[in-house]
Each structure stands twice: as structure tokens, then as C-alpha cells.
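Data block below; observations after.
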Amino acid sequence: MIPRPNDDNRIKIAPSILSADLSRLAEQVREVEAAGADRIHVDVMDGRFVPNITFGPVLVKWLRPATRLPLETHLMIHDPDAFLDAFAEAGSSSLIVHVEGAIHLDRTIQRIKGLGLKAGVAINPATPAVMLDEVLPGLDLVLVMTVNPGFGGQSFIRGTLRKLREVRRRIDEVNPACELEVDGGVDEKTAPELVEAGARVLVAGSSVYGSPDGPTAGLRRLAHSLGL
Ligand code: DX5
Ligand code: ZN
């Protein structure tokens, strides 16, 4: 059953600006805000942890005044510690680091919280759920990657569903307030299965910003597929 709006546990949608028209980014962000998006997902890539390079803190700084929505910042970067302060200062609301990219994960999480931001941890498709166990009690969010990170528009990897269910179980056991998010290949076909498996926050890049009839229609289609 899909929880009803206003329920704490309600499904949230986080459009990823990776697929937006960056020549009019502020407008694109305001459009999804008006259409009911819950947060904006900012994909930061370093060309090392993933085979692509995208945005840095300066983009977050310019985006901050353009919307009231939280700016969720997904750090697909190796050894993220050196950049946490800069993203916090720029206006990120939450920072998500990768289990596979952080060297001292517990310290990194403590630093993010010390900056007053929400702390999230992401795991790649090849990483087992058990890698979250030691840090899960202190997390605000877990992000299960449903594609290999680096690019928008990839196909959902079905094998991640089993792990998603397992992460859901672990969260329910030790930290029920922790959000469970999925990222990669989320569209109106995959979203219902992902929610059924336990996801409560859905990142959506190409299904929103790549939608041929525009981001508002893309977002509405996605919400409709979930009965929202
Ligand atoms: C992929 C990024 C995603 C990306 C998702 O590495 O982390 O956030 O924008 O794009 P779609 O929704 O097109 O798969
Ligand atoms: Zn992402």
C-alpha cells in the first residue's frame, strides 16, 4: 500500500538536474517545485570515482536562491572529506557519500552532521547491504544505486531489488527514521516495484527532465504511477 500524502512515510520524488536543460537551470528547478517535487537531487562527479565530471559547490551556491526545496547533494567522488565544508557553505541540505568512496566512512558521517546537514550513504549495485551495518544507526538516509553511477538515462538493474528489500528490513530493525532512496532508471514502470520493495524517496533524472512533454508532465506521470 502506498502511504497517503501528509503521512510521514509518504513517497517523495527528487528530480535530478543531471538531465535538466542547464542553460535555464533555475527555471527548470522552479518548474518541478511548482509541479510537486520534494527535493532537488544534485549529482556531483569527479572523473575518478565515476567516469564523468559534473558540478561543484559553485553550482549549489547559484541554485540555492532559486528554490525553497532542499538541495540533496550526491557526492560521487573519491575521498569526499575535503569538499564537505564547501558544499555546506554553498547551501546543500544533505550530503550523500558512497561507502566505496569514503576512506573513513564513520568520520565522514560525523563531519557532515557536525556541519548541521543530513547525512546519507550510498551503495553501488555490486556492494552488499551488510556494508551499511556499522553506520546505519546514525544515518538520515540510505541511497541504493539501481544503476552504476556516472550517467543519467541508464536502465534499471533488476538485481538491486533483492538488496533494496534487505536494506528496508535492516532500516526497519535498527533505524526506522532513516529514509530509503533509490537512484537510477526510475520511471513510471519501475517506480511502483521500487516502492513495493521499500523505497520511499525516488531520484528521477531522465523520466522527469528528459520527458518529451516536459518536466511537469514527466513528474506527474511518475506520481500517478504511484497513486500520488
Ligand atoms: C547516476 C546519478 C543519477 C542520475 C539518474 O549516476 O546518480 O542521479 O541522474 O538518472 P536517471 O533517472 O536518468 O537514471
Ligand atoms: Zn544521483
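Whatever order the structure lists ligands and atoms in, that order sets their numbers, starting from 1.
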Enumerate, one pair per line, all nitrogen or oxygen atoms of ligand 1 lying under 3.5 Å from a protein nitrogen or oxygen, stating the separation to 0.1 Å; write 'none' if no such pair exists.
| unit_1 | atom_1 | unit_2 | atom_2 | d |
| --- | --- | --- | --- | --- |
| ligand 1 | 6 (O) | Gly150 | N | 2.7 |
| ligand 1 | 7 (O) | Asp43 | OD1 | 3.0 |
| ligand 1 | 7 (O) | His74 | ND1 | 3.3 |
| ligand 1 | 7 (O) | Asp183 | OD2 | 2.9 |
| ligand 1 | 8 (O) | His41 | NE2 | 3.4 |
| ligand 1 | 8 (O) | Asp43 | OD1 | 3.1 |
| ligand 1 | 8 (O) | Asp43 | OD2 | 2.7 |
| ligand 1 | 8 (O) | Asp183 | OD1 | 2.7 |
| ligand 1 | 8 (O) | Asp183 | OD2 | 3.0 |
| ligand 1 | 9 (O) | Ser16 | OG | 2.8 |
| ligand 1 | 9 (O) | Asp43 | OD2 | 3.0 |
| ligand 1 | 12 (O) | Gly205 | N | 2.8 |
| ligand 1 | 13 (O) | Gly153 | N | 2.8 |
| ligand 1 | 13 (O) | Ser206 | N | 3.0 |
| ligand 1 | 13 (O) | Ser206 | OG | 2.5 |
| ligand 1 | 14 (O) | Gly185 | N | 2.8 |

Begin from the C-alpha positions of Arg170 and Glu166 and carry the test salt bridge (charged side-chain N to carboxylate O under 4.0 Å, His left out) through to its verdict.
CA-CA 6 Å; Arg170 287 170 191 255; Glu166 192 181 336; 2.8 Å; yes
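- Checked by atom type, the side-chain pair Arg221/Ser211 shows a donor-acceptor distance below 3.5 Å.
- Counting heavy atoms from C-beta outward, Leu161 and Phe156 have side chains that approach closer than 4.5 Å.
- Residues Asp43 and Thr54 bring no donor and acceptor atom of their side chains to less than 3.5 Å of each other.
- If you look at Asp43 and ask which of its N, O or S atoms sits nearest the Zn ion (ligand 2), the answer is OD1.
- Side-chain N or O atoms of Thr190 include one that pairs as donor or acceptor with a backbone N or O of Gly185 at under 3.5 Å.
- The pair Glu196-Arg165 counts as a salt bridge, with a side-chain nitrogen and a carboxylate oxygen less than 4.0 angstrom apart.
- For His74, the N, O or S atom closest to the Zn ion (ligand 2) goes by the atom name ND1.
- When side chains are defined from C-beta on, Phe55 does not count as touching Leu25, because their heavy atoms never get closer than 4.5 Å.
- Taking the Zn ion (ligand 2) as the apex, the angle formed with NE2 of His41 and OD2 of Asp183 is 100°, to the nearest 10 degrees.
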